[in-house]
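Everything quoted here is computed from the prediction, not taken from an experiment. Chain letters run A, B, ... following the sequence lines, proteins first and then strands; every chain starts at 1.
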Amino acid sequence: MVRQVLRRLFQLLLTAWGIITLLFLLTRTLPDDQQLLSRFTDTTTGTTASGEQVRQAQQARLQRLGLAEPVFYASRATVPIDDEQLLISRWHWNGTHNQYHHWLRDVVHGNLGRSYRTGEPVAGLLGSALLITLPLSGLAALFIVVFSLLLGLLLASRPHTGWVAMGLYTLDSMPLFVVALLLLLLLANPDFLTLFPTYGLGLDNEAATSLPLILTAPAYAVLPVASLVLTGLAEPTLQLAAALRHELQFFYILTARAKGLSSGRVLRRHAFRNALLPILTLYTELLPNLLAGSVVVELIFALPGLGRLLADAAAARDYPVLVGGVAMVVLTRQFSLLLADWLYQLADPRIRTTG
Amino acid sequence: MKSFLSGLAAFLLCGVGLTACTTPSAGPPAVRIRWAQDPQTLEPLTATSSQAVEVINLRHCSLLAGDYEHGRFAPWLAESLPVISRRNSFTLLTYTLRREATWDNGQPVLARDVAFTLKVMNCPRLPTEYSRTQYGVILDIELDAANPRRFTLVCKGSSQNVIIASGDYLILSEHSLDPEAALRAVPLPLLRADTAAALRRYPSLLNLANRYRSIPPEKQPGCGPYQLTAWAKNQYLRLQRKPNWWGSKLNKPPRWLQAQAEVLDYRIIPDNATALLALRRGDIDLYPEPPAQDFNRLRHSADSTKLLFSVANSYDVTMVGFNTQRPALKDPLTRRALSMLFDIPGLISATQPGLAYRSVGLINPHDKPAYNDSLPLLVFAPQRALALLSQAGWQQHPDKTWWRNKIQLVLNIIYKAGAADHEAIATQLRTTARQLGVLIKLRPQESTLLRRQMQSGNMDMYVHTLNGTPYAYNFFSIMHSRGIGMINYPRFQNAESDHLIEAITAEPNPLRQASLLRRFQVLLQQESPVAVLYFARHRLIASRRLGTVQAISARPGYDATQLQLASARQ
């Protein structure tokens, strides 16, 4: 068992490492010369730097950030052939003096690098963003699981609940940003209802209120969490209802009913466990999906979370932050797959991964 | 399950109830301003965003400040504009600092702080790539032994831009960042010329660089009117006016030395719809640069009585540029023909109703002396465009397409993806051109990619908004042949134009400079490397808590030092 878990863990880390390496190489091969150039060109007063001066400044910046070194252990370079004064393209071995090696060495030591924009450690930036995103996504995931179980059982047990399914299909067809804006315009709008705050976490109002954050934060979390829950609820609910209806057609259900069990008991005690299997993957992928989808909610409700951090980093070509953030999402997804495997075995002991 | 549902209901009720509690009852004394994004860093050497520049200018001072009312630079930390003299081929600019100017701890701002700043801007192991180049005209600084507030900058060049560059960087505090005065012994010319030699001779430079990096920029002391009291990244940033702000001790302080608001509270709200709701609910006081449609809708709604609206002519010009190095666009006639396909009044009323105005060229029409009002505005004349195309040697085939030297007139136009006004311009051009048989392909691009494409000339046409300033005209980077490969996006190369740009930059006399600018506009209209569509107006919406608010021509469209709560005015 331990060997099997270790083997699975090794596979998981290998996959994550492969994806992150690919991302690292892709980002580092994209030129990043626009930030400094824009600073020179946006300056419309004072002296004007020449093209050559700007190129020198860009080279100095690359040197400072360690981006002037080769990207990988081997690279293709054009070298002259002395005799015939010709150029030829050849593979060149760069040794350990390359950006990837330095980055990997730092990562192994727990250092994800520093943001190009702010100079702050990437780990710190990710950590503070996660403090917002994790509670938000975790709460949304919890609500989705609970509500989908309740609604799934309701849809499977009651024949006249088509309107619920129709409502869920409607929600499923709506993009997250539409749902978030609708909630905002309905429930935080002076023209309709002003039940909830418009944006942020209320930290900027600390001077105006004497209530501690733990009491004020729920009010600010309602709309963002509701947006995530409403758009994420339909799929697991409808899948669970379909799986339950499928299970209810089997003979063991008939046997249970023949024993005199109530419909609810048959549904919950007998059909439910078997019906749960197909949607376990959906549940375990909730968190990584919500992490990735939080960017929309965080932008609309002005929350300083992981999604916004990654969106800003991508727009500003802040590659260390981008690679660190994506690595976190990749690892979360890999662990969710591992969790799904484990839950499968827990739900149905007949399922065993063979060596 | 019932208990869960009850818990959930209680949670929601709590949320609703506490919202009422968290709504400020009396209101804080702060002026709350909406920002779309966080400044990210307040490091003076690397900060690029307009938000960062705004905060830095409220915490620190430069020698000179932009006087947007009169469109010129004026003394800020300096007592007066520099006294100019010559020594061989160098220009000497002698400044004297204001007697009243002090740091946060009350120590006076001295000439040695300016010398320290210039050395930091050239110090190895610091992110000085921009400052080394941008302020490279300052070769040396000479301190006056008799007056600790007086110094002379030795500069190369003598243009107005050199004078602006000599005073356009904020001053850092030597006693806080270099208490051991390690930089005093290092000559500025050595730091500028050979950093490796400077490091060998003065190893203490490394300690200084480490010390500088170890102090967070937000904790660096400043000599400006405000201090940073709180900053939660991507949430808010709060500035508090210094209790003994030295500017208030001046007799009739100029506008840039005033600080009206006691507290400036910047709220970071990325989404425009959310920001608008926050303004209408009274959660923020100032919403700068709302989308034109939102601004007009709100101005004509019931909310107009609860809010204040202000607009000001800006120097932000929207244009379509032609890549003059492309064979199809090499001749001015073709470019002029294409310029006639823009329905500019229609575009303004569709995208910026009442919030943009037309111009014959790159000069703002409100700059009366320099604006050449004898030139005609661009007209929407597709039939005249056809005649011009024929004149340029293009021939129309039976299938209505245009050909010249076996090249078909098919062009692509790039613009920023998601910019509705730019997209409207490109779409209108495509529709009109298609009716004439000219095929235009739309290529929306992500902003960094767009900039790269324009820089490398990998396009036929582009839509661009150029952000100008009221202070000086500098066409070197955008129209001089030296700017090709940088932001001379049309890749425009013309000997007469280059000569004129150089003359405009070097001319100290405003009247003669205005005359040169008028000639430059004539040349640009003849050559048509760009079709200038309109200048935009800055716009502000504010809550009535502010009493009055005035949009300004310079970016960001408002003057934070002049904002004040109505209650504080009484």
Answer with side chain, backbone, both or neither: which region of [X] has an atom nearer than 4.5 Å to a non-hydrogen atom of chain A?
X: B:A275; result: neither
X: B:L279; result: neither
X: B:Q40; result: both

Might you confirm whether atom [atom1] of [X] has over 12 heavy atoms from other residues, nucleotides or ligands at distances under 6.0 Å?
X: B:R125; atom1: CZ; answer: no
X: B:R213; atom1: CZ; answer: yes
X: A:F272; atom1: CZ; answer: yes

Geometric class of the B:W35/B:Y266 ring pair [parallel <30°, tilted 30-60°, perpendicular >60°]: parallel
Residue among [options] with most heavy-atom pairs under 4.5 Å to chain A:
options: B:R132, B:R482, B:E446; value: B:E446
options: B:A232, B:A47, B:G157; value: B:A47
options: B:A273, B:A278, B:P127; value: B:P127
options: B:T505, B:I269, B:T41, B:L126; value: B:I269

Validation row: B:D38, B:Q51 side chains within 4.5 angstrom (heavy atoms): no
Max heavy-atom pair count under 4.5 Å with chain B, selected residue of A:G200, A:S128, A:P190: A:P190
Under 4.5 Å from a heavy atom of chain B, the part of A:E120 involved: side chain
Side chain, backbone, both or neither of A:L125 within contact of chain B (heavy atoms, under 4.5 Å): neither
Straight-line distance of B:Q455 CD to B:R491 CZ, nearest 0.5 Å: 8.5 Å
Taking every non-hydrogen atom, the tightest pair across B:I138 and B:S166: CD1-CA, 3.9 Å
